[in-house]
Asker: 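Just dropping this structure here.
Numbering starts at 1 and runs along the sequence shown. Atoms within a ligand are numbered from 1 in the order they appear, just like the ligands themselves.
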Amino acid sequence: MKKVCSISLTIGLLIGILISCKTETKEEVIQRAEAQYLMDNLRKSAEKGYMFGQHDATLYGIGWKGDRNRSDVRSVCGDYPAVVSFDLGRIEKGSLQNLDGVLFKDIRKEIIRHYERGGLVSISWHVDNPLTGGDSWDVTNDKVVESVLPGGENHEKFQSWLLLVANFLNSLQTTDNEKIPVLFRPWHEHTGSWFWWGQDLCSSEQYKSLWLMTEETLREAGVNNILYVYSPGGDAENYMERYPGDDYVDILGFDTYQYNNEAGTAAFKEAFQRNLAFMDQYCKDNNKLYAITEAGYEKIPNPTWWTDVLQDAIGDYKPIYVLVWRNAYELGENHFFAPYPGHTSEDDFITFYQNPRTLFLSDLDNLYIKTTL
Ligand code: BMA
């Protein structure tokens, strides 16, 4: 996104700089305008309310997988989530399916379908550990980030992984060859230490370099259809400590879950409010947008969680969306974050759906996303 040209007094240097600053092609200008258009529309939608989203919502749910036009949320309230997120974990290995057993060609299809319905798409990347060969959660070695940065032993390999991500992002096109603008949320929950890019696994400088390197490599590979989303995890006390900078982040976010213990509800609401208050102020001061990039309560044991806890915790704040995690088809009824028909929170979810401030797909008409430049 950025093109930094330092001003020089000597004409020779100026010419050199002008040559090195590649002029944008018409396609690039249109694409950049589309990303800007998306930002403007997200700003408008945040004034109206907050979108509801779910991870993998249209790919599978409790008791089903791969049914066309189906989502547990839709079965409960008759409407699709406004936002659907997807994960690219294992694309870096050239695998045909992601870490949750979904074919990348099906993910691509669902992204295009959701865009064509008028919805917003977000993409995360639970990338395997390039040093140990383990998965994202393999934190046995604290030199992994260092190893992928320039000069590191895994740098070349990692660049080739990034190119596979770039190929996928570049392939997100409609039948009219229109590139689909999506949110990309790399290196998430890094304020915890459960991923190999987490807090105790690299320094602040290394984390920022990883982020910048990711943006640079994707940009050089022609990726111009994404907005970058920054999402620390938990109660992010040091929210800005590893912030890559306003020039590299389009949307601020956070991931916070409720846990099933005595302090659960109060702790969740407090963490939520602290994060929202911080982001709200920062975004007002710096002209940014914010979202609740992941939230939820596994199995939703509280039947009125949607209104009493989630809606209450968001209060009058204006995030662009709140997204809950997946309803894992392969784990029985043990790992889900949205209701499905028959679940005890179904009625409360319908009340949540009817609240004018919650935006589902049908609330988005003409609001944005589908660009007509
Ligand atoms: C986690 C769980 C895992 C899954 C991963 C990536 O929170 O849902 O089962 O593999 O997200 O989707």
Asker: With a 4.0 Å cut-off on heavy atoms, is D100 touching ligand 1?
Answerer: yes
Asker: Indicate the atoms forming the closest heavy-atom contact of F168 with R108, along with that distance.
Answerer: CD1-NH2, 3.7 Å
Asker: Under a 4.5 Å side-chain heavy-atom rule over Ile, Leu, Val, Met, Phe, Trp and Tyr, are M213 and F195 clustered together?
Answerer: yes
Asker: Quick check on contacts: which atoms of ligand 1 are under 4.0 angstrom from a heavy atom of H126?
Answerer: 6 (C)
Asker: I want to know whether Y290 and F254 have ring centres closer than 6.0 Å.
Answerer: no
Asker: Tell me, which protein residue and heavy-atom name are nearest atom 8 (O) of ligand 1, and how many Å apart are they?
Answerer: H335 NE2, 2.6 Å
Asker: Any idea which protein heavy atom is nearest atom 9 (O) of ligand 1, and the distance to it?
Answerer: R326 NH2, 2.8 Å
Asker: Under 6.0 Å between ring centres, would you say that holds for Y228 and Y248?
Answerer: no
Asker: Examine F268 together with F272 and report whether their ring centres are nearer than 6.0 Å.
Answerer: yes
Asker: Within ligand 1, which atoms have a heavy atom of W137 less than 4.0 Å away?
Answerer: 5 (C)
Asker: Quick one: does W325 get an N or O within less than 3.5 Å of an N or O on ligand 1?
Answerer: yes
